[in-house]
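Predicted, not measured: the structure shown is a model, and the values here were computed from it. We name chains A, B, ... by the order of the sequence lines, and we start the count at 1 in each one. We use all heavy atoms of the structure for the numbers below, so side chains are in, but hydrogens, waters and symmetry mates are not.
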Amino acid sequence: MKSAIVVFPGVNRERDMAHAITLATGNAPDLVWHKETTLPAADLVVLPGGFSYGDYLRCGAIAARSPIMADVVRKAEAGISVLGVCNGFQILTEVGLLPGALMRNEGLGFVCRNVFLRVERSDTRFTNRYEAGQVIRVPVAHGDGNYFADGDTLARLEGDGRVLFRYSTPDGALDPSANPNGSINHIAGIVNERGNVLGLMPHPENHVDPIQGSTDGLGLFTSVAAALEPAA
Amino acid sequence: MKARVTVTLKSGVLDPQGKAILHALAALGFGGVEDVRQGKLIELELDQSDPDKARAEVEAMCEKLLANTVIENYRVEIGG
């Protein structure tokens, strides 16, 4: 499986992401500078976490208008898998590939700690190596992760089963105390209508190796590898 | 020609920064403040001299970049 990671000025998780993808797929991804206008051939395109353009104007707003993004949108519309983590999720909403917006955390502070996520479905290309209802522990590190969507959009997301990850307690209960940023319906990650574009605020790429204290995040990457590279 | 864009959160969208300002004002003794909403002011210097064209151009900029219309409203003032 081939993958590409887009690098914008100010992102800082691209190497963590490359490590996770390499572990899961055996192939090191291409790193693509945002001024390029065409992505290399890839089965998975990733927008990593960080602080593109210093979060100027709005998080992800400037990166969403970078030259490479036109091709990211074209690839997404063609059905190629696209993953946006943290700042990458913000960029995906800013460019219109995912609905809603990521707003300032309800508590105003930057939150950097481990959280628990409930995996809502296992029948997707991003979650097939998890069980539905399984709780995983992964880190968050963001100041603007408070997901918001208007009532109609939210009803569509929920009705279509497009919320793949929610902040939960270690037992999988949804409780405001387990929600690090106040996001609506405890949403941590959503997919587009077609199911090929995933955005999530937490960092599964930072829990893939025992040396990081947990490998709970690796399942996301092995899921994609399994979905896109079926056993011969 | 100058243009001034004011971007504010839509009503109904929670504004945690406005809330923090409200609480800080209350702590300073300004108890009469019922609500605070924080926004952004963007000033542009345009080479356009026709106010109608300038407005149309700035409104297009707002739709494409300056505001996120999922959560924000914008107001354009032309002149000066």
Side-chain angles (χ1 to χ4, degrees), chain A residues 52-53 55-67 69-70 73 87 89-111 142-154 156-157 176 179-187 190 192 199, chain B residues 2-28 30-31 33-48 54-78:
Chain A
S52 58
Y53 295 92
D55 286 344
Y56 291 175
L57 189 61
R58 297 177 304 277
C59 299
I62 310 287
R65 282 78 184 174
S66 277
M69 285 307 295
V73 171
N87 194 206
F89 186 11
Q90 295 162 341
I91 295 168
L92 288 174
T93 61
E94 280 284 344
V95 81
L97 284 174
L98 290 173
L102 281 314
M103 304 192 35
R104 182 59 46 91
N105 292 347
E106 196 174 44
L108 289 172
F110 190 94
V111 181
H142 61 247
D144 297 72
N146 180 357
Y147 183 77
F148 173 85
D150 64 54
D152 290 347
T153 305
L154 194 63
R156 268 202 307 280
L157 282 173
N179 183 336
N181 52 39
S183 71
I184 200 159
N185 289 15
H186 308 280
I187 287 174
I190 57 167
N192 64 341
Chain B
K2 285 189 193 306
R4 178 178 281 208
V5 177
T6 310
V7 180
T8 50
L9 284 171
K10 287 182 176 175
S11 61
V13 173
L14 180 74
D15 178 5
Q17 295 177 97
K19 284 271 180 294
I21 295 167
L22 175 70
H23 293 141
L25 287 173
L28 288 172
F30 296 103
V33 185
E34 291 182 341
D35 196 19
V36 178
R37 307 283 286 171
Q38 183 186 297
K40 299 181 188 132
L41 177 66
I42 301 167
E43 290 179 323
L44 307 165
E45 187 71 52
L46 307 171
D47 62 6
Q48 180 62 256
R55 175 173 296 279
E57 217 165 84
V58 174
E59 283 178 356
M61 294 176 201
C62 289
E63 290 289 331
K64 283 202 160 167
L65 178 66
L66 300 181
N68 178 344
T69 55
V70 174
I71 47 171
E72 293 171 331
N73 291 320
Y74 60 85
R75 193 174 71 239
V76 176
E77 294 164 79
I78 300 289

Task: Pick from N146(A), T93(A), I62(A), L108(A) with the largest number of heavy-atom pairs that fall under 4.5 Å of chain B - done: L108(A)
Open item on the list: If you count heavy atoms of other groups shown closer than 6.0 angstrom to CZ of F110(A), is the number above 12?
Closed with: yes
- [ ] Quick one: which of K10(B), E72(B), K19(B) has the most heavy-atom pairs under 4.5 Å with chain A, could you say?
- [x] E72(B)
Open item on the list: On a heavy-atom basis, which atom in M103(A) and which in L14(B) lie closest, and how many Å separate them?
Closed with: CE-O, 3.3 Å
- [ ] Grab the two heavy atoms, one from R58(A) and one from L65(B), that are nearest each other, plus how far apart they are.
- [x] NH2-O, 2.8 Å
Open item on the list: Let me confirm one number: the CZ-CD1 distance from R104(A) to I71(B), rounded to the nearest 0.5 Å.
Closed with: 10.5 Å
Open item on the list: Test your reading of the model: is there a side-chain donor-acceptor pair from K40(B) to the backbone of L57(A), 3.5 Å cut-off?
Closed with: yes
